[in-house]
Structure formats: C-alpha cells, structure tokens
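The structure that follows is given in the form of structure tokens.
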Amino acid sequence: MQLIGGKIIRDISYSGLSRYFALFLGICRGFLVPKLLDPSGYGIWKGISIISDYSRLPQLGTTSALFREIPLLKSQNRSDELKDVVDTCYTVNTLNAAIVSVLVLLGSFFVSTQQESNALRLYSILILLSENFMFMKIYFSGHKEFVFLSKINATDAVVSLILVVGLSWFFGLNGLIIGIILEMLIILAMFYRELAVKPVFRIHFDVWPTLIRPGFPIMMTGILLQLLLSVDKIMVLTYFGAKHMGFYALGFTIMGMIYQAFSVVDSVISPHLIEKYGKTESIDSIEKYVSKPLIAAAFISPLLLFPLLFFSKLVYFKFLSDYLPGYESFRIMLMTGYFVILSNTLNSFFIAIKKQKQVVFIQLLAILLIVISNYMAIKLIHSLDSVAMSTAIVTALYAVTTIIYAKSHYFKDILSHMGFVGLILFPIAYSMVLYNAIVYCLSSLPLVASGVIEPFICTTGFVMLYLPAAFLGSRLVRINL
C-alpha cells in the first residue's frame, strides 16, 4: 500500500508487524486471564478498568493537545515553544494522575468487599504509571519515532504475557494488577532511556491556555468515544452485576485489542497529516488521508475478525466453559469491532481540520441512542446478547455518519456518498455471506462439524474465498479515488 511515500510505508510496516505480534500475544493473554480468574473477579477487573477511560478529563485536554502541537510546531521549526509545551503537558499529566490516584485510593475504603478494596488500592498505583505511559506514547508518536515504538509494542506484549498471566495464575486478581504494574515499570524505563531531552517538571502558565483551546476538543472526542464504547459495560455492571460483567467483558477485551491493532494506521498517518495540513491549510491536499485508510481498514479487518469468530466456538466450549453465557455477545461484539475500526481511522483528519466540535455532537447523539436502546434491551429482553446487539447497531450508525461527514468535505452529491458508503460496507456484508455459507456447508458434515478441526477448516475456506475481495481492496487503495 503506497499512501504518500517510503517513510510512511516503512513506519506502517514496522508498526503493523509489532502491533499484530502484540495482538496475537494479547489475544492469548485475553483468553488466559479469564481462565485463571473466576467470572466475578474478571468482572471486577474490567469494571475498575473503566476508570482509566475518563482519568484524563481533569486535564481539560492539555496532554491531548500533543497529538496536534508536536507535529505542527516541528513543521514550523518552533523548537523553543515545543519544549515549553512538552514540559507543561508532562507536569499537568503527572499532577492529574496523582490526583486521580489519590481519589481511587480513598474510594477503596468505601467499597463493599475486600477483593474490590485491594484491587482499587493496587489500581491507584497503576494509574500513575499508565498515565505516564500514555504521555510517552503520544510524545514519541508526535516525533514519528515509530520504529522505536514498534520495539516498545513487541516488548510490552512479551513482558505482559509473562508477568500478567504468571502472576494471575498464582495470585488471582491482585496478581493481575501487580503484573501490569511491573510491566509498566519496565516499559517506562525503556521510554526514559530513549529520551534525548528529558521533560522538566514545570508549568508555563502562558502556554497552558493555548494547549487547552485545541486540546479540549481533542480530549472530548476521545473521552466521548470511550463513553460510546463503554456505556454497555457500565449498564451491564449496573443492572446485571460483576459476574455477568465477567461474562460480557471478554468480548470487549478482544475487541479493544483489535481496535488498538488497527489504530496503527491512524497513529502513523496522524503527524504526517497534521504537518501537511499545517503547511498548506488546503483540505484538498489531505483527501487521500480520508479515503485510502478507510478502504484499507474495511477490506483488511475481516481477515482478522472472522477467523476469530470461527475459533471462538472452540475456545468457549473447550477452554472457557464458565463464560458460556457471554458467548453470543462475544460474537456480536466482534462484528461491532469492524465499525469501531472504521470510525477510528478518521480521528486525525478531524483533528487536523479542527472539526472536533461537530464530531462531539455526533458522538453525543450516538451515546444517547446507546443508553436508550440498551435500557430498552435490558428492560424488555434482559439478556447480554440484546445489549450487545443494540450497541452494535448504534455503533454502525455512528461509523457510517462520521464517514459521510468526513467525505462531505469532498462529495457534494448523494450518489457519491451512497457509492462510497456501499464500498466501505461491502467487505462486512460479503464476509457475513461467506461465514453463513461455510457454517451451513459444514453442518451437513457431522464428522467435521464438531471438534478441534472445525475452525481450521472454516478459516482456510473463508480466507481463500475472501482473497478476491482483499485484492480488490488493495487495488482500490493504489488508485486515485
């Protein structure tokens, strides 16, 4: 895939290889950890993890501004201002993490069980480290250090698999959190060793307001996207309890890993796109950053999602039988992942052209729809599957709406919009047809249709039949749309 040049191809190649290596190990860890914890313990962990989705809210977007400010200031050779920006963001990020950490620690004294209390106390330490970890990822991404970040991703995956799974095995939920704390310490040591200029603990009060102005909308789109993806988790935890949260959690854990793996394209393109737009301020000059990543994500993602769908039956029935009540919701959430991946590819485009406020409005509408649809699903049907399905429908509507809004800067007629949206939805529709056809054919072969061999046969057949679509996607990415 040739987007604009050799450097982007190299960065995406390195980052992609490391992300998919990390994804493979992450999926292994994602299935092993629930096996080592009971559903209630796993549900408590996923419930606590929601805190990190909103822990950066008190910063008012200071650290989020780095997404835009580093490539923009570098493109304009304003190195002194860049140093002040980095110092301010680092300090605000650290202070914010410390405040949230103290609040979580205080909250640990007011929960109902000792297991929850111990988990929150350990999590208060993890917040300090994870916020520092996110700052470093943003910093090195802004400086386009994607080869180094690919090494970080690979190392992180290996260390996480060893420490998190190992300590979960011996110490349960507490071991899981301790393992992640040790993992963060190792990775942060690698980050700090690589820093050429260490950030200084200092706030430049003349700089801070200039960071909040662009950073707050960026942060809000990120926070609202997290809320969009976690409303169902919050409602499941509230109405069904920790045990059912454990059943439901495995699906969005794997979906989150897939989301992170495909975010490699957006994270690599982001600084290039913002630099390009910062120099020309011409929206036409960045059109390729909208169409081509969307098409690539749409045509590639089924090659990952549907093999997981085939193997999920084997994993649940043979390995995670305690989590079977969440099997159908897991399958639904894998399909939801397709639309999450699509919406994620547009983040940098909206940041570059400063259209986050409009995106926030779309997100708020989507969140309202999810809350209403989830509530109705819980009250009328009262099943995890219905919650997952209502979330999937609204997420699909949100993705299509953001795609139409992004392309509205280039398309002026409805037929062009319909054609492009149809192109983007073709891979998931074709994949669903293949999936159902393969499952139907195998159901007539009882000796094959059950057992370990089934997912391998299904995956092989799916990949072979899907390859023409993959080649079509590759061709569309190469040509000028």
(message) Using every non-hydrogen atom in the two residues, find where Gly473 and Ile295 come nearest and quote the distance to one decimal.
(response) O-CG2, 4.0 Å
(request) Taking the side chain as every heavy atom from C-beta outward, state whether Arg121 and Phe109 have any atom pair closer than 4.5 Å. (result) yes
(message) Within the structure provided, determine whether Ile370 and Met235 are in side-chain contact (heavy-atom separation under 4.5 Å).
(response) no
(request) Evaluate the ring planes of Phe306 and Phe462, with Trp represented by its six-membered ring, and classify them as parallel (under 30°), tilted (30 to 60°) or perpendicular (over 60°). (result) parallel
(request) Applying side chain to side chain contact (heavy atoms under 4.5 Å, CB included) between Thr395 and each of Val400, Asp232, Val340, report the one that passes. (result) Val340
(message) Are more than 12 heavy atoms, taken from residues, nucleotides or ligands other than Phe201, located less than 6.0 Å from that residue's CZ atom?
(response) yes
(message) Just checking Tyr327 against Phe317, ring centres under 6.0 Å apart?
(response) yes
(request) Taking side chain to side chain contact (heavy atoms under 4.5 Å, CB included) as the test, write out the residues that go with Ala392, two or more places apart. (result) Ile332, Thr336
(message) What's the separation between atom CG in Leu176 and atom CG in Leu167, rounded to the nearest 0.5 Å?
(response) 9.0 Å
(request) Verify the neighbour count for atom CE of Met136: are there more than 12 heavy atoms of other residues, nucleotides or ligands below 6.0 Å? (result) yes
(message) Test your reading of the model: is there a side-chain donor-acceptor pair from Ser168 to the backbone of Gly175, 3.5 Å cut-off?
(response) no
(message) With side chain to side chain contact (heavy atoms under 4.5 Å, CB included) as the criterion, how do Val231 and Thr391 come out once you've worked through the C-alpha distance, each side chain's angles and the decisive distance to 0.1 Å?
(response) CA-CA 9 Å; Val231 165; Thr391 301; over 6 Å; no
(request) Report the distance from atom CG of Leu106 to atom OG of Ser124, rounding to the nearest 0.5 Å. (result) 9.5 Å
(request) Kindly give the heavy-atom pair with the smallest separation between Ile378 and Val387, and that separation in Å. (result) CG1-CG2, 3.6 Å
(message) Any side-chain to backbone donor/acceptor pair from Ser431 onto Ile428? Under 3.5 Å, distance only.
(response) no
(request) Calculate, to the nearest 0.5 Å, the distance between atoms CZ and CG belonging to Phe330 and Leu320 respectively. (result) 9.5 Å
(message) Check whether Asn374 reaches the backbone of Ser390 with its side chain - one donor and one acceptor, N or O, closer than 3.5 Å.
(response) no
(request) Evaluate the side chain to side chain contact (heavy atoms under 4.5 Å, CB included) criterion for residues Met245 and Tyr42: first the C-alpha distance (whole Å), next the side-chain angles of each, then the deciding distance (0.1 Å), finally the verdict. (result) CA-CA 8 Å; Met245 176 68 162; Tyr42 189 62; over 6 Å; no
(message) Is it the case that the side chain of Thr459 and the backbone of Phe456 share a donor-acceptor pair, with hydrogens and angles ignored and the cut-off at 3.5 Å?
(response) no
(request) With rounding to the nearest 0.5 Å, note down the distance linking OG in Ser373 to CG in Leu380. (result) 11.5 Å
(request) Please report the C-alpha distance between Tyr466 and Leu434 in whole Å, then the side-chain angles of each, then the deciding distance to 0.1 Å, and finally whether the side chain to side chain contact (heavy atoms under 4.5 Å, CB included) criterion is met. (result) CA-CA 8 Å; Tyr466 185 80; Leu434 289 182; 4.1 Å; yes
(request) Step by step, work out the side chain to side chain contact (heavy atoms under 4.5 Å, CB included) result for Ile125 and Ile177. (result) CA-CA 9 Å; Ile125 301 171; Ile177 302 175; over 6 Å; no
(message) Is it the case that the ring center of Phe140 lies less than 6.0 angstrom away from the ring center of Phe148?
(response) yes
(request) Would you please classify the geometry between the His244 ring and the Phe247 ring as parallel, tilted or perpendicular, with 30° and 60° separating the classes? (result) perpendicular
(message) If you compare all heavy atoms of Val164 against all heavy atoms of Gly179, which two are closest, and at what distance to 0.1 Å?
(response) CG2-C, 4.0 Å
(request) Taking all heavy atoms of Leu237 and all of Gly47, pick out the closest pair and write down the distance. (result) CD2-CA, 4.0 Å
(message) I want to check something: taking the side chain as every heavy atom from C-beta on, are Lys233 and Lys46 in contact at a cut-off of under 4.5 Å?
(response) no
(request) Measure the shortest side-chain to side-chain distance between Ile362 and Gln358 over non-hydrogen atoms and say whether it is less than 4.5 angstrom. (result) no
(message) Given 3.5 Å as the limit, does a donor-acceptor pair link the side chain of Tyr323 with the main chain of Pro34, or not?
(response) yes
(request) For Lys35, look at atom NZ and say whether over 12 heavy atoms of other residues, nucleotides or ligands are found less than 6.0 Å away. (result) yes
(request) Evaluate the side-chain proximity of Tyr405 to Thr401: yes if any heavy-atom separation is below 4.5 Å, no if none is. (result) no
(message) Please find the pair of heavy atoms, one from Phe310 and one from Pro455, that lie closest to each other, and give the distance.
(response) O-CB, 3.7 Å
(message) Using side-chain heavy atoms (C-beta onward) and a distance below 4.5 Å, is Leu304 in contact with Tyr338?
(response) no
(message) Distance check, rounded to the nearest 0.5 Å: Asp156 atom CG versus Leu149 atom CG?
(response) 11.5 Å
(message) Are the side chains of Ser49 and Trp45 in contact, using a 4.5 Å heavy-atom criterion?
(response) yes
(message) Looking at Tyr375, I'd like to know if its OH atom is crowded, meaning that more than 12 non-hydrogen atoms belonging to other residues, nucleotides or ligands lie closer than 6.0 Å.
(response) no
(request) Would you name the heavy atoms of Gly326 and Ser329 that are closest together and state the gap between them? (result) O-OG, 2.8 Å
(message) Less than 4.5 Å apart, side chain to side chain, heavy atoms only: is that true for Phe361 and Leu224?
(response) no
(message) Quick check for you: to the nearest 0.5 Å, what is the distance between Ile187 atom CD1 and Ile180 atom CD1?
(response) 12.5 Å
